Enquirer: 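Dumping the structure here so I can ask a few things about it.
Since the model is a prediction, treat every value here as computed from it, not as a measurement. To find a chain, count down the sequence lines: A is the first, B the second, and so on, and within it residues start at 1.
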There are 2 protein chains.
Amino acid sequence: MSVTLKDVAALAGVSRSAVSRTFTEGASVSAKTRSKVEKAAKELGYSPNALASSLTTGRTKLIGLISNNFHNPIFLEVFDQFTRALQDRGLRPLIVNLTDETEPANSVRMLRQYSVDAAIVASSTLPPSFAKAFHDAGVPVVHTFGRSATSPEVHVVGIDNVECGRMAARELVARGYRRVGYLGGPQDATSAMDRYRGFMEEVEKHPDLKVSHSFAGAYSFEAGRAEMLRLLADTPADGYFCGDDILSIGALSALRDHGLEPGKDIGIIGLNDMEMSRWESIDLTTIHQPIKQIITASVDLVEEMLKDPERYPEARIFPCRVIERGTLRPRP
Amino acid sequence: MSVTLKDVAALAGVSRSAVSRTFTEGASVSAKTRSKVEKAAKELGYSPNALASSLTTGRTKLIGLISNNFHNPIFLEVFDQFTRALQDRGLRPLIVNLTDETEPANSVRMLRQYSVDAAIVASSTLPPSFAKAFHDAGVPVVHTFGRSATSPEVHVVGIDNVECGRMAARELVARGYRRVGYLGGPQDATSAMDRYRGFMEEVEKHPDLKVSHSFAGAYSFEAGRAEMLRLLADTPADGYFCGDDILSIGALSALRDHGLEPGKDIGIIGLNDMEMSRWESIDLTTIHQPIKQIITASVDLVEEMLKDPERYPEARIFPCRVIERGTLRPRP
DNA sequence: ACAAATCTTGCAATCGGTTGCAAAGATGAG
DNA sequence: CTCATCTTTGCAACCGATTGCAAGATTTGT
């Protein structure tokens, strides 16, 4: 079958310990032994069994990557970045695709069975308690795109959703929209509610505004489109903050169906700045979320937790900024 | 730290073997022992260490999932389906994100270090030799979206790309397009070349047709758009087969920029039928690739290989069909 | 109630590595 | 050249499980 430590040791004429040591960083082996071992290893095509060694070292370099967002195209970018960032640092992503029914306890158990060194919960819709379940089970965890808090119970990396809500509201107001609406993600998503809070907080400073809000059933094209179609059937607002680019794109599709020109007849501002928003046919004005930095920071935190598991939970919140494109009328 | 077999055995007052046996299917344990053990296990919150047991059983239930397609939105659907299909059967996906430089040897080594039970290469752009490298290293492998062959060297699941090329050509001809073009993916992608072959084979039956072809730099929106813009600068064809929906969508964007109406001025037929193609603003006529069936079949094959590693390589090829939408003029 | 057949159970070896410890070897100072 | 010091090495125990085997416990048949 597969070649083991013992085989290499036999061929090289040294003890198993010697072989083990040549493959572990910073162990004491003479140059002579090392070269004998390396020669034998190459000859046999040996490579150490990571799982077996994890038994004694207690480190698997496996990182659980948990998400429930397999329908928002932004998550392909997220997975791309996460998987690369992890493997660049010698860590291996073990994916968990949360379906609606899966309860936290299940994923926690599963990831513990595989002795993951840490877990990353990548979702803006899961509650802080979900991430906390890992922490409580002794699995270091960072909640990426999680709810920001001044004293979080687990590491959180993401943006200030409330502030983004305000930012969007300010932007609509500054461009002279007077009937403004919030079109958010599902009401049980923490991100949707936080963005809503910020939005309302800001618009309430302007008593002359007419304000409305509604929530789509999911962060998806279809949900955004359906919700906007519903709004258009009645008296719509003239400027909307859509809680996510994919909702915005759905909403844009609804507008065009009604022969309305986005940015002229009705304004839309999104959130995320995903690749697609840049497409000429979409050209969405949106709030940029610095995905790359967020992911790098998340993986940084994972590494730091591996060094010091007792590390005090921290929130790393990144600033967002408005990206000017074609779906809002210009500032006066 | 974490609770082990021994702890449970001690608390339950039985041997370690007894505990192990209550947790392994079909082992011989009396009802009495079993209940004692289960009680103790629950009390301690014990769950067996999958990695430790893999040492003796030789099964990790880890499946390597290897891809280089992190920019085509269809792959979010693919990942969604794969991860669910695997975890529904108690298997765990270990992701490898192939960047351009990564050579096969690296991923093979890495996955062997983690003793994956099998590997799935999910890519239409990688050559058969890539998948074969896993096979040669003793890792059971299935190449999903791989090149179909009558006697493949490894399991292949996918579609007949040559036939899809023919199908697209027939469709264009039947609808009266006389100047037809192939706009394919990168030339080093096997799928792009196979689709090209089929397309040419079919159009060459009609000597009166004017035929052209070109290849985009990647399977991406930007590449499709760029290539179509280039074509429009000269004398474009009147009907195109774009080798992938995302290329098509890029091409459509280029057409609209030039004030051309897809389906009227210039016809486009894609391949994949990804979610986005259904969007009203895109409404792409395309060849449907049965992703779900392909993935289910791939995971089926994985399971069968686990039972019988010597299984003879097999190609499972699924039929495709044209989905009529708005980017080709109707058949006469 | 007894022998034979069938179940259960614990012992101990094993999977592929790692690591503390003490002995052996190398190096340097005097 | 001797002794003290620092490296290198192999032994053996261990990580957390599984499993063949033989002994002990139960069940079954008569």
Enquirer: At 4.0 Å (heavy atoms only), tell me whether B:Ser54 reaches a base, stays on the sugar-phosphate, or touches nothing.
Expert: nothing
Enquirer: Within the 4.5 Å heavy-atom criterion, are A:Phe70 and A:Phe79 side-chain neighbours or not?
Expert: yes
Enquirer: Report yes if a side-chain nitrogen or oxygen of A:Ser20 is closer than 4.0 Å to either non-bridging phosphate oxygen (OP1 or OP2) of C:dT18; otherwise report no.
Expert: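 Looking at the OP1 and OP2 atoms of C:dT18, one of them is under 4.0 Å from a side-chain N or O of A:Ser20.
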Enquirer: Tell me whether the OP1 or OP2 atom of D:dG10 has a side-chain N or O from A:Ser15 closer than 4.0 Å.
Expert: yes
Enquirer: Is any N or O donor-acceptor pair between the side chain of B:Ser17 and the base of C:dC11 shorter than 3.5 Å?
Expert: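 Between C:dC11 and B:Ser17, which were checked side chain against base, a qualifying N/O pair under 3.5 Å is present.
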Enquirer: Please name the residue in the list A:Val139, A:Leu65, A:Ile63 that meets the side-chain contact (heavy atoms from CB on, under 4.5 Å) test with A:Val116.
Expert: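 Result: among A:Val139, A:Leu65, A:Ile63, A:Val139 is the only option passing the side-chain contact (heavy atoms from CB on, under 4.5 Å) with A:Val116.
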Enquirer: Taking only N and O in the side chain of B:Thr56, is any of them less than 4.0 Å away from OP1 or OP2 of D:dT18?
Expert: no
Enquirer: Once you round it to whole Å, what is the distance between C1' of D:dA17 and CG of B:Leu51?
Expert: 11 Å
Enquirer: Starting at CG of B:Asn49 and ending at C1' of D:dC14, how long is that distance when rounded to a whole Å?
Expert: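 Rounding to the nearest Å, CG of B:Asn49 and C1' of D:dC14 are 15 Å apart.
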Enquirer: When the distance from CZ of A:Arg34 to P of D:dT9 is rounded to whole Å, what number comes out?
Expert: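 In whole Å, D:dT9 P lies 10 Å from A:Arg34 CZ.
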Enquirer: Return the nearest nucleotide to the side chain of B:Thr33; candidates are C:dT18, C:dT9, D:dG10.
Expert: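 The listed nucleotide nearest to B:Thr33's side chain is C:dT9.
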Enquirer: Please evaluate residues B:Phe75 and B:Phe145 with respect to the criterion side chain to side chain contact (heavy atoms under 4.5 Å, CB included), reporting the C-alpha separation (whole Å), side-chain torsions for both, the decisive distance (0.1 Å), and the verdict.
Expert: CA-CA 11 Å; B:Phe75 261 76; B:Phe145 307 116; 4.2 Å; yes
Enquirer: Measure from the side chain of A:Thr24, starting at C-beta and using heavy atoms only, and say which of C:dT18, C:dC15, D:dT18 lies closest.
Expert: C:dT18
Enquirer: Using whole Å, what does the distance between atom P of nucleotide D:dA17 and atom CG of B:Asp7 come to?
Expert: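 Nearest whole value for this atom pair: 9 Å.
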Enquirer: Side chains of A:Ser220 and A:Asn72: is there a donor and an acceptor less than 3.5 Å apart?
Expert: no
Enquirer: Nearest heavy atom decides the nucleotide; on that basis, is A:Val19 or B:Ala18 closer to the 5' end of DNA chain C?
Expert: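 Counting from the 5' end, the first nearest nucleotide belongs to B:Ala18.
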Enquirer: Round to the nearest Å and state the distance from B:Lys6 atom NZ to D:dT18 atom P.
Expert: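 Rounding to the nearest Å, NZ of B:Lys6 and P of D:dT18 are 15 Å apart.
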Enquirer: Check this for me, if you would: do A:Arg89 and A:Asp300 make a salt bridge, where the nitrogen-to-carboxylate-oxygen distance has to be below 4.0 angstrom?
Expert: yes
Enquirer: Pick one: which of A:Thr125, A:Asn68, A:Val141, A:Leu98 meets side-chain contact (heavy atoms from CB on, under 4.5 Å) with A:Phe130?
Expert: A:Leu98
Enquirer: Got a donor-acceptor pair under 3.5 Å from the side chain of B:Arg16 to the base of C:dG10?
Expert: no
Enquirer: Counting just side-chain N and O atoms, does B:Ser30 come under 4.0 Å of either OP1 or OP2 of C:dT9?
Expert: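 True: B:Ser30 side-chain N/O within range (under 4.0 Å) of C:dT9 OP1/OP2.
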Enquirer: Of all the choices, D:dT19, C:dG17, D:dT9, which nucleotide is nearest to the side chain of A:Val29 once you look at every atom?
Expert: D:dT9
Enquirer: For A:Ser28, which contact category applies under a 4.0 Å heavy-atom criterion: base, sugar-phosphate, or nothing?
Expert: base
Enquirer: Heavy-atom nearest nucleotide on DNA chain C for A:Ser53 versus B:Gly13: which residue maps closer to 5'?
Expert: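 Closest to the 5' end, via its nearest nucleotide, is B:Gly13.
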Enquirer: Phosphate oxygens OP1/OP2 of D:dG16: is one of them under 4.0 Å from a side-chain N or O of A:Tyr114?
Expert: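 For A:Tyr114, the contact criterion (side-chain N or O under 4.0 Å from OP1 or OP2 of D:dG16) is not met.
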Enquirer: When you match B:Tyr46 and B:Lys32 each to their closest nucleotide on DNA chain D, which lands nearer the 5' end?
Expert: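 Checking each residue's closest nucleotide, the 5'-ward one belongs to B:Tyr46.
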Enquirer: Return the value, rounded to whole Å, for the distance between atom CD of A:Glu25 and atom P of C:dT18.
Expert: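 Computing the A:Glu25:CD to C:dT18:P distance gives 13 Å.
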Enquirer: Using whole Å, report how far CZ of B:Arg21 lies from P of C:dA12.
Expert: 14 Å
Enquirer: Measure from CG on B:Leu5 to C1' on C:dG10 and round the result to the nearest Å.
Expert: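 Atom CG in B:Leu5 sits about 13 Å away from atom C1' in C:dG10.
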